[in-house]
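Okay, structure first, notes after.
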Amino acid sequence: MSPCSLLALLAVISLTLAASPGVKVKLTDKGIEYGKQIGMASLQQKLKTIKVPDLSGTEKVPPIGKVKYSLTGMTIVNLGLPKSALVLMPGTGVRLAITNAFINLHGNWRVRYFRFIQDHGSFDLTVNGLTITADIAIKSDETGRPTVSTVNCVANVGSASIKFHGGASWLYNLFKSYIDKALRSALQKQICPLVADVITDMNPHLKTFNVLAKVDQYAEIEYSMVTSPTISKSSIEFSLKGEFYNIGKHQEPPFSPTPFSLPPQDNNMLYIGVSSFTPNSAGFVYNNAGALSLHVTDDMIPPSSPIRLNTGTFGVFIPEIAKRFPGMMMKLLVKTVKEPTISLEPNNVTVQASGTVTAYAIQPNTTLSPLFVLNMVSQSVQPLDNIFLMVLKVVVIPKVNARLEKGFPLPTIGKMNLINTQLQVLKDYMLIGTDVQFTG
């Protein structure tokens, strides 16, 4: 194998390893339809702000001859998108199809004919039967944020009718059919560039998406996309990094995500797959930060307990303690010696942890005298469905809603709620299926 071939192979392997996600999010047709209802209202408001370019031209109008016209200062006063569809395009993105749309515009007109006769006034333009089909590619940029672009667009104007006001408008209304034809042709040429501009204008907002969020004083989590979305006929799937890091120090753990695939379920709007890599990266981070430690003192033990944290109690088991440190209170330091690990098997979560318990006697001057050290290895196997669902609803969703309230570059869609939520623990990952509802 040549050196170039070897380097190419290593590059492919490294890219493949880097592309393994810790979290996968799948949006089904049901979720896309719900998102379309929210998005179309936003798109309609966006389209109303479009600045329509000035139009001008020349038409032969018997018996007058050549008439030069210009339409300027056009503003949209009303716009309707009564019928629309959003269809997934496998491997590319989505197709937006709008039919029977209408636009009402108001502007100023000016005409000249016989080389020296000029007139001007205002006009109202009505565009009916407007159809727009735009193919939108969805990809990941170099920072793991989404980016969109228009790869194809076709627009057709069913009819365009103009009515002049002011000046000798009664005369010009007689040959407005010539203007209507020219307008329909000009508008058809202008609509797709305008739609492309609307789509492109989304990218600066998408660039502001935060893909790194602080969890607490020890950790932050990165959820950038590791590859471009995978798009099928019925769903769009996002592969996210889902990795915890120490704040300001992005050290990779000595393990990597295990590839996994989401099952072909589509009963819910949204499916979230969380691999064991994500919680294990959290364990690695918190252990490195020394956060997985706990000081236990007697005041933390229920008063009704007969066992007290003092040398008298422990002297029953180790008489030397009571002899050397009589009548002293004690403190325990519980800490991990390595990061805990979580294994996911169907319907069960296994947590393995090893650590030490160091016992101290508290001297009258508050100094600590070490007594003994216990090594611990623990393993628990239990279904944790309810715990994870509680964390999702009580911790994750409120943080998302707080982010929305702080001005996330999204439409004002209210607070997000999860309904019909279920969790399954499968081989190497957890699957959360849920419907999303925005209220308020």
Side-chain angles (χ1 to χ4, degrees), residues 214-221 243-256 276-345 348-388 390-391 394-395 425 428 430:
K214 181 179 178 181
V215 178
D216 52 29
Q217 69 267 37
Y218 302 108
E220 55 194 6
I221 183 171
E243 183 172 351
F244 284 81
Y245 290 105
N246 290 109
I247 291 180
K249 182 182 179 182
H250 284 199
Q251 178 184 356
E252 296 297 327
F255 48 84
S256 57
S276 56
F277 171 81
T278 296
N280 282 332
S281 72
F284 176 76
V285 164
Y286 283 102
N287 183 67
N288 281 351
L292 300 182
S293 63
L294 174 67
H295 284 95
V296 181
T297 55
D298 186 70
D299 57 4
M300 299 168 65
I301 299 174
S304 59
S305 174
I307 298 178
R308 309 313 309 172
L309 198 52
N310 55 44
T311 55
T313 299
F314 279 80
V316 175
F317 307 101
I318 309 175
E320 187 67 19
I321 290 177
K323 291 179 181 179
R324 293 184 57 189
F325 305 95
M328 292 185 184
M329 301 305 296
M330 292 174 56
K331 177 184 284 190
L332 303 179
L333 173 60
V334 183
K335 63 181 297 185
T336 56
V337 295
K338 61 178 296 186
E339 65 272 6
T341 59
I342 293 176
S343 302
L344 302 177
E345 295 292 341
N348 282 309
V349 178
T350 302
V351 181
Q352 292 181 315
S354 59
T356 60
V357 177
T358 304
Y360 298 91
I362 305 175
Q363 299 284 357
N365 63 358
T366 70
T367 59
L368 301 178
S369 298
L371 300 177
F372 59 84
V373 178
L374 294 178
N375 294 318
M376 299 187 307
V377 178
S378 66
Q379 176 174 305
S380 63
V381 181
Q382 55 183 316
L384 299 177
D385 303 28
N386 292 333
I387 294 177
F388 285 113
M390 180 184 69
V391 170
V394 177
V395 179
V425 180
D428 292 326
M430 294 177 292

Residues in side chain to side chain donor-acceptor pair (under 3.5 Å) contact with Asp216, at least two apart in sequence or another chain: Tyr286

Restricting to side chain to side chain donor-acceptor pair (under 3.5 Å), what partner residues turn up for His250, sequence neighbours left out? Glu220

Run the side chain to side chain contact (heavy atoms under 4.5 Å, CB included) test against Asn246 and tell me which residues pass, sequence neighbours left out. Lys249, Val285, Asn288, Ala289

Kindly write out the residues that satisfy side chain to side chain donor-acceptor pair (under 3.5 Å) with Glu252, not counting sequence neighbours, or none if the list is empty. Tyr245

Cut-off 3.5 Å, no hydrogens considered: what does the side-chain donor-acceptor table look like for residues 328-344, sequence neighbours left out?
from	atom 1	to	atom 2	distance (Å)
Thr336	OG1	Asn287	OD1	2.5

Identify every side-chain donor-acceptor pair in residues 352-362 under 3.5 Å, counting partners at least two apart or on other chains, and give the distances.
from	atom 1	to	atom 2	distance (Å)
Gln352	NE2	Gln379	OE1	2.6

Ignoring hydrogens, what is the shortest heavy-atom contact between Ala219 and Phe244? Give both atom names and the distance. CB-CD2, 4.3 Å

Counting only heavy atoms not in Ile307, do more than 12 fall under 6.0 Å of its CD1? no

Just jot down the salt bridge (Lys or Arg N to Asp or Glu O under 4.0 Å) partners of Arg308, sequence neighbours excluded, or say none. Asp298

With Phe284, which residues qualify under ring-ring contact (aromatic ring centres under 6.0 Å, His included), at least two apart? none

Could you pull out all residues at least two apart from Asn280 that satisfy side chain to side chain donor-acceptor pair (under 3.5 Å)? none

Qualifying residues under side chain to side chain contact (heavy atoms under 4.5 Å, CB included), relative to Asn365, sequence neighbours excluded: Gln363, Thr367

Among residues two or more places apart or on two chains, list those pairs meeting salt bridge (Lys or Arg N to Asp or Glu O under 4.0 Å) that have a residue in residues 353-376. none

Testing the basics here: between Glu345 and Val425, what is the closest heavy-atom pair and its distance to 0.1 Å? O-CG1, 3.1 Å

Of all the heavy-atom pairs spanning Ser369 and Phe325, show the shortest one and how long it is. CB-CE2, 3.7 Å

Restricting to side chain to side chain contact (heavy atoms under 4.5 Å, CB included), what partner residues turn up for Ser304, sequence neighbours left out? Pro302

Let me confirm one number: the OG-CD distance from Ser256 to Glu243, rounded to the nearest 0.5 Å. 10.0 Å

